[in-house]
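Each remark here refers to the structure printed beneath this line.
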Number of protein chains: 2
Amino acid sequence: MELRQLRSLIAVVEADFSVSRAAERLHLVQPAVSQHLKQLEEELGTLLFSRQGKRLAGLTEAGERVLVHARRVLSGTASILAVGQDHTGHDSGVLRIGATHTQARYVLPPVIRRFREEYPRVELQILQGTPQQLAVMTVRDQVDLAICTEALHDYPGLATLPSYRWNRCLIAPLGHPLLEVSPVTLGRLCEYPIITYVAGFTGRRQFSDTFARVGLRPRVVLSATDTDIIKTYVREGMGVGIIAAPAFEPVNDADLGRRDLSHLFPWETTRIAYLRERYLRRFQERFIEIFKEEADRMALGSRAPRVPPGPG
Amino acid sequence: MELRQLRSLIAVVEADFSVSRAAERLHLVQPAVSQHLKQLEEELGTLLFSRQGKRLAGLTEAGERVLVHARRVLSGTASILAVGQDHTGHDSGVLRIGATHTQARYVLPPVIRRFREEYPRVELQILQGTPQQLAVMTVRDQVDLAICTEALHDYPGLATLPSYRWNRCLIAPLGHPLLEVSPVTLGRLCEYPIITYVAGFTGRRQFSDTFARVGLRPRVVLSATDTDIIKTYVREGMGVGIIAAPAFEPVNDADLGRRDLSHLFPWETTRIAYLRERYLRRFQERFIEIFKEEADRMALGSRAPRVPPGPG
DNA sequence: CGTTCTTACGTGTGTCGTAACGATC
DNA sequence: GATCGTTACGACACACGTAAGAACG
């Protein structure tokens, strides 16, 4: 068995079972990749691909199983290379961060700024996606770190560190009655059209559950994945927004009124996730540190409780 | 990076940094192994070994880190080969079981007997060790499955399945006063010299803690790792034995009296451990099944509670 | 002086690329 | 007929083994 054979296996799977495209990606010619697959199947004594004629159609059961471990193997070699780069003293490399829009837009900027100062030679990549997608990207080693609030529990291969806790706030055009009335209750919220996140994003599940538990049905007239979109339509007067508190920017959002809602909803914990077994380079660990520091600083301004030391 | 380079790295470490002996084990000549190490160090740009002159003395920090992942990589390739063997239909191979003496002597025999009938072409190896050693052997992939009650919690890389619960019983020469008096209490036990397991074995910690918690100090006059040894000295009249109940054999031990002590001590859970990430071959999973079935059968004869479904 | 690792060199294996062939939509 | 995979073949690379040299106890 050779590493190149495993690389070809994975490349073919990720190229939707096109050997030619896999070969391109690997900077090889197509017969070479074909040979790798053949050699693997011969050594293992089993077909890894189901075929339709000559064309590859999918993985056999054996193929699925092999794939899992092939990924582990190559992840291991990547870790080994990373150790090397860490010890050559070059603080250079690539840091691939997976984040939702809310994280990338409102939470990450100060973190990124500090990180860039410390590691100017590290190329930063921010890849966006739904929490679900981020989790998958992380286990597939397409991002180094993922930052999100949801969907991480289902992947035992991921280690997750709690980074900060947050809750929601209400935003509305200045002068809106909900900004004046005291106190705000779940019932009051239901009297107005609401704009918030779509399901699967930024604590939407807990949001909905909170109302459901007391038998209320909020009138969500619009939901979006991005806080920006929510703000936009709040400004247009389509309804009141319920957003993650860290996403409110006092300066840019001075035209909007804001009220804290942490007495109404459960606190959410945003976590940093990465592949449990992989080697984290120095600057990757440092990024996590900076993130936590900035998160703590942010928490000082709010009433957020400390993150629990809980397990991943 | 090539797999052979990683193999050489590991072999050299496991040969106490002798390149020649590593080469022997790998069925290579010594310059070949030297070259592998050199290539690895060159590719990573770091020394992996600390040297005294030409001789290798130990691993550098980078070397230690690389070693961890190199093991993962080769464990992955082993899993891939195992998938292949599972799918070629040959139910042959090797099953390496790590067990303490108590397990190997009193619990495993019926399991092994059934397993051998089902898989006559699988070679069985029973490797003995302390629970601590067994855990290490498992993470190093020197055994496939380890069966023990202790020391597994400290290794996050291990998956553990609860298999059966057991408690202790008292053994003494027939006619011994402790066999007659009713009921047996911790206090009564302290009146007699006791023979039981050494620390780190077969629930010795819980044994000692139980007494300590009520301020009693049992007079342990002899401790051993093997139940056989304990029985021997009980027969010689050196004291009463406190052993794992499954280790009492009504037929062979007819010359000894026995009393259940499960009302005095906490129940222990024996677990089956294996490397979390590795692929378990069919017959390996089947062995676990058989083990659990036999454990259940054994539990029917005792008052043992069902194993909890708890996590690994 | 034996042991152990390094360096040097030749041979043979095997990997990849080119090219021609076959199948499938 | 264009696309995609397989087969055939040759050139180049390189991994291993042999053999000789250098450091260490």
Side-chain angles (χ1 to χ4, degrees), chain A residues 1-60 62-63 66-67 70 73-74 77 80-81, chain B residues 1-60 62-63 66-67 70 73-74 77 80-81:
Chain A
M1 184 184 324
E2 297 291 328
L3 289 174
R4 50 179 161 272
Q5 295 163 359
L6 303 182
R7 271 191 270 270
S8 289
L9 168 68
I10 292 173
V12 167
V13 171
E14 294 190 345
D16 279 320
F17 303 98
S18 158
V19 181
S20 337
R21 259 179 293 153
E24 260 183 76
R25 278 206 189 176
L26 294 168
H27 304 290
L28 291 172
V29 294
Q30 176 264 346
V33 175
S34 284
Q35 192 176 359
H36 293 165
L37 304 183
K38 194 176 168 185
Q39 287 168 333
L40 245 188
E41 291 185 325
E42 271 179 11
E43 177 168 2
L44 300 182
T46 321
L47 292 181
L48 300 177
F49 292 92
S50 58
R51 291 167 165 82
Q52 294 176 349
K54 291 188 174 180
R55 213 152 294 190
L56 305 185
L59 288 172
T60 62
V66 168
L67 180 67
V73 167
L74 291 185
T77 62
I80 291 173
L81 293 176
Chain B
M1 184 185 323
E2 296 291 327
L3 288 174
R4 52 180 158 270
Q5 296 164 359
L6 303 182
R7 269 191 273 269
S8 290
L9 168 68
I10 292 173
V12 167
V13 171
E14 294 190 345
D16 278 320
F17 304 100
S18 158
V19 181
S20 337
R21 258 180 295 152
E24 260 182 76
R25 277 206 191 175
L26 294 168
H27 304 289
L28 290 173
V29 294
Q30 175 266 341
V33 175
S34 283
Q35 192 178 359
H36 293 166
L37 304 184
K38 193 175 167 186
Q39 288 168 334
L40 245 188
E41 292 185 324
E42 271 179 9
E43 178 169 0
L44 300 183
T46 321
L47 292 181
L48 300 177
F49 292 92
S50 58
R51 289 167 166 82
Q52 293 176 350
K54 289 188 175 180
R55 215 152 294 189
L56 305 185
L59 288 172
T60 62
V66 168
L67 179 67
V73 166
L74 291 186
T77 62
I80 291 173
L81 292 176

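Note on naming: letters A, B, ... go to the chains in the order of the sequence lines (proteins, then strands), and numbering restarts at 1 for each one.
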Margin query: Heavy atoms within less than 4.0 Å of DNA chain D: which residues of residues 18-26 of chain A have one? Give them sorted by number.
Written below: A:Ser18, A:Val19, A:Ser20
Margin query: Minimum heavy-atom separation for A:Ala15 and A:Ala22, please, with both atom names.
Written below: CB-N, 3.8 Å
Next item on the list: With the side chain counted from C-beta on, respond yes when A:Leu48 and A:Leu37 share a heavy-atom pair under 4.5 Å apart, and no when they do not.
Entry: no
Check: Under a 4.5 Å cut-off applied to non-hydrogen side-chain atoms, are A:Thr60 and A:Phe49 in contact?
Finding: no
Note to self: In this structure, how many angstroms lie between the C1' atom of C:dC5 and the NZ atom of B:Lys38, rounded?
What the structure shows: 12 Å
Item checked: For the student: nearest non-hydrogen atoms of B:Val12 and B:Val19, plus distance -> CG2-CA, 4.4 Å
Notebook entry, point to check: If you measure from OG on B:Ser34 to CG on B:Leu56, what distance do you get to the nearest 0.5 Å?
Noted result: 7.5 Å
Checklist line | Rounded (10°) bend between the five-pair end axes of the helix from C:dC1-D:dG25 to C:dC25-D:dG1 | finding: 30°
Next item on the list: Keeping the roles fixed (side chain from B:Ser50, backbone from B:Gly58), state whether a donor-acceptor pair exists under 3.5 Å.
Entry: yes
Check: Any side-chain heavy atom of A:His36 within less than 4.5 Å of one from A:Leu6?
Finding: no
Produce the list of close N/O pairs, under 3.5 Å, pairing protein atoms with atoms of nucleotides 8-14 of chain C; give distances to one decimal.
none

Margin query: Can you pull out the residues from residues 40-60 of chain A that lie within a 4.0 Å heavy-atom distance of DNA chain D?
Written below: A:Lys54, A:Arg55
Notebook entry, point to check: Between atom CG in B:Leu37 and atom P in C:dT4, what is the gap in whole Å?
Noted result: 16 Å
Note to self: Counting the atoms with a prime plus P, OP1 and OP2 as sugar-phosphate, which does B:Glu2 contact under 4.0 Å by heavy atoms, base, sugar-phosphate, or nothing?
What the structure shows: nothing
Item checked: Side-chain touch A:Val73/B:Leu74, heavy atoms, less than 4.5 angstrom -> no
Check: What do the steps show when you test B:Leu81 against A:Glu43 for side chain to side chain contact (heavy atoms under 4.5 Å, CB included), and what is the final call?
Finding: CA-CA 8 Å; B:Leu81 292 176; A:Glu43 177 168 2; 3.7 Å; yes
Margin query: Test salt bridge (Lys or Arg N to Asp or Glu O under 4.0 Å) on A:Glu41 and A:Arg51; report intermediate values, then the result.
Written below: CA-CA 13 Å; A:Glu41 291 185 325; A:Arg51 291 167 165 82; 2.9 Å; yes
Check: What pairs with B:Glu24 under side chain to side chain donor-acceptor pair (under 3.5 Å), at least two apart in sequence or on another chain?
Finding: none
Note to self: Taking 4.0 Å as the cut-off, does a side-chain nitrogen or oxygen of A:His36 come that near to OP1 or OP2 on C:dC16?
What the structure shows: yes
Margin query: Tell me whether A:Arg21 at atom CZ has more than 12 heavy atoms from other residues, nucleotides or ligands lying less than 6.0 Å away.
Written below: yes
Checklist line | Minimal non-hydrogen separation, A:Leu44 against A:Val66, with atom names | finding: CD1-CG2, 3.9 Å
Check: So, do B:Arg4 and A:Glu2 sit near enough that their side-chain heavy atoms are less than 4.5 Å apart?
Finding: yes
Next item on the list: Indicate yes or no: at least one non-hydrogen side-chain atom of B:Met1 is less than 4.5 angstrom from one of B:Gln39.
Entry: no
Next item on the list: Walk along DNA chain D from 5' to 3' and tell me the first and last nucleotide with an atom closer than 4.0 Å to a non-hydrogen atom of chain A.
Entry: D:dC4 to D:dT7
